[in-house]
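See below for the structure under consideration.
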Amino acid sequence: MSELRVRFAPSPTGYLHIGGARTALFNYLLARKEGGVFVLRIEDTDVERSTQESVDAILQAMDWLGLSYDEGPFYQSERYGLYKSKVAELLEKGHAYRCYCTPEELDAKRKAAIQSGGKPRYDGTCRNRADQPDTPFVIRFKTPCDGTTAFVDRIKGAISVENTELDDLIIQRTDGNPTYNFVVVVDDAEMGITLVIRGDDHVNNTVRQIPMYQALGYEVPEFAHVPMILGADKKRLSKRHGATSVMAYREMGYLPEAMVNYLVRLGWSCGDEEIFSMNDLIEKFSLENVGRSAGVFNPDKLLWLNEHYIKTGDPERLAVLVTEILAGQGVDTALGPDMPAVVKTLQDRAKTLVEMAEGAHFYFEAPDTYDEQAAAKFLASDKRDVIELTIKHLTGLADYSHDGVETAFKAVMEESGLKFGKIGPTVRVALVGGTVSPSIYDVVAVLGKDAVLTRLQKALASLG
Ligand code: GLU
């Protein structure tokens with residue numbers, strides 16, 4: 001076990017999006033690689049926007065991606081006692097103070113500051129006041145007036161800011177609730193987090209948080225701020241660029257390993273390798289190879305990875321997933337052909353599980369009607385002999401393997417004197433209803449004798 005303790009700290013105000021999932025993944029990978037501990041903390045202090053539904057969605061998405069955590073989930077909403085005691089500690093040590101300025105007064109100060117060309121910061125009116133009037137107050141952190149706050153980011157390098165640039169942050173609101181920047185410090189310290197990996201939209205928070213660690217006598221953890229994710233137009237990734245919810249991709253038939261592989265490459269690289277299993281990543285991932293520039297979300301590459309994982313996936317496992325999709329579409333697969341065998345015929349043809357399910361329909365539901373153009377060409381009355389001959393040879397066939405079926409078709413070709421091109425398409429339309437399907441030998445082998453003969457008889461009956 002190493003000393004490394006990392007955490008993922010989502011706010012449950014929506015689904016798990018691409019950016020959050022990547023942050024979670026980086027934390028997970030580093031923890032697993034170094035034998036550290038991965039903590040999950042739900043930051044639900046924003047009572048109005050936090051929902052149980054979002055918590056569930058986030059947990060479900062992490063589970064789908066395979067990002068297991070070692071401790072938690074901890075909920076900030078259950079830790080108010082701790083935060084209160086830490087606010088009291090800061091007050092007692094003189095690192096925090098009650099601020100009685102009204103919203104109107106603060107607004108006026110802000111406007112005056114902007115007008116005089118200054119920064120709209122709190123002017124410190126209540127910093128040294130001794131009285132405690134009986135009016136509403138917030139509690140502010142007393143940011144040091146001089147010196148600098150500096151840290152060496154594990155991704156971005158040295159970052160520093162003059163303390164005079166920092167505001168006296170509110171750590172407890174008028175209603176008694178603690179604020180985000182404060183509880184994050186308390187939690188990261190109390191949970192023994194040694195390295196905070198999060199999005200670089202938090203860099204400005206980090207320089208505000210460090211003085212609070214120091215005031216509370218906590219050790220300051222290391223930080224690694226991950227560059228953000230952009231859309232193809234180089235604007236921050238949003239719904240305009242396509243689905244941003246991780247689970248939306250599951251719905252669209254993506255495999256979690258494709259998503260994991262894609263997410264990690266949005267910011268991390270290892271030479272020019274593209275394909276990484278989770279185990280590869282646990283071995284190879286390092287913050288040193290996380291780039292400093294923003295990643296660009298490319299749905300085509302995600303689809304390409306998904307196609308790869310479908311092609312190379314275990315048919316038994318894919319069968320379970322495709323069965324679920326088909327069940328959701330009301331297709332009963334229980335009486336149909338063996339699902340892994342079905343999957344094997346489609347693995348080279350589908351980019352998503354949804355496409356695979358679509359391609360599998362005909363195995364479980366005989367065509368009611370035939371594609372009009374296909375039928376006009378391949379199920380015209382002159383096809384009677386070919387169909388009858390095929391029925392004859394497939395009836396006599398005992399071995400319904402790919403090779404067995406091939407032998408039967410060879411016999412049909414020989415007896416009829418026709419090339420495969422004059423037989424195969426007709427059989428295909430009869431069996432699947434149209435002109436697109438996996439190899440006809442595979443289709444016949446997988447459908448099996450009964451289904452094949454029934455469908456051929458039906459096609460025969462349909463001829464004029
Ligand atoms: N709860 C914050 C968010 O979802 C993350 C805070 C952090 O990682 O420090 O943006």
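Numbers for residues simply follow the sequence, beginning at 1. Note that ligands are numbered from 1 as they come in the structure, with each ligand's atoms numbered from 1 the same way.
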(message) Is it the case that the side chain of K33 and the backbone of F285 share a donor-acceptor pair, with hydrogens and angles ignored and the cut-off at 3.5 Å?
(response) yes
(message) Taking G253's backbone N and O only, do any of them form a donor-acceptor pair with N306's side chain (distance below 3.5 Å, no angle check)?
(response) yes
(request) At a heavy-atom distance under 4.0 Å, which protein residues reach ligand 1? Sort them by chain and number, would you? (result) R7, A9, P10, S11, E43, Y180, R198, H202
(message) The criterion is salt bridge (Lys or Arg N to Asp or Glu O under 4.0 Å); which residues satisfy it with R49, sequence neighbours excluded?
(response) D46
(request) Could you name each residue pair satisfying ring-ring contact (aromatic ring centres under 6.0 Å, His included) that touches residues 110-142, not counting sequence neighbours? (result) Y100-F137
(message) Quick test of your reading: applying salt bridge (Lys or Arg N to Asp or Glu O under 4.0 Å), list the pairs with at least one residue in residues 314-340, sequence neighbours left out, ordered by first then second residue.
(response) E257-R317
(message) So that I know where these two stand, are W268 and F26 an aromatic pair - ring centroids less than 6.0 Å apart?
(response) no
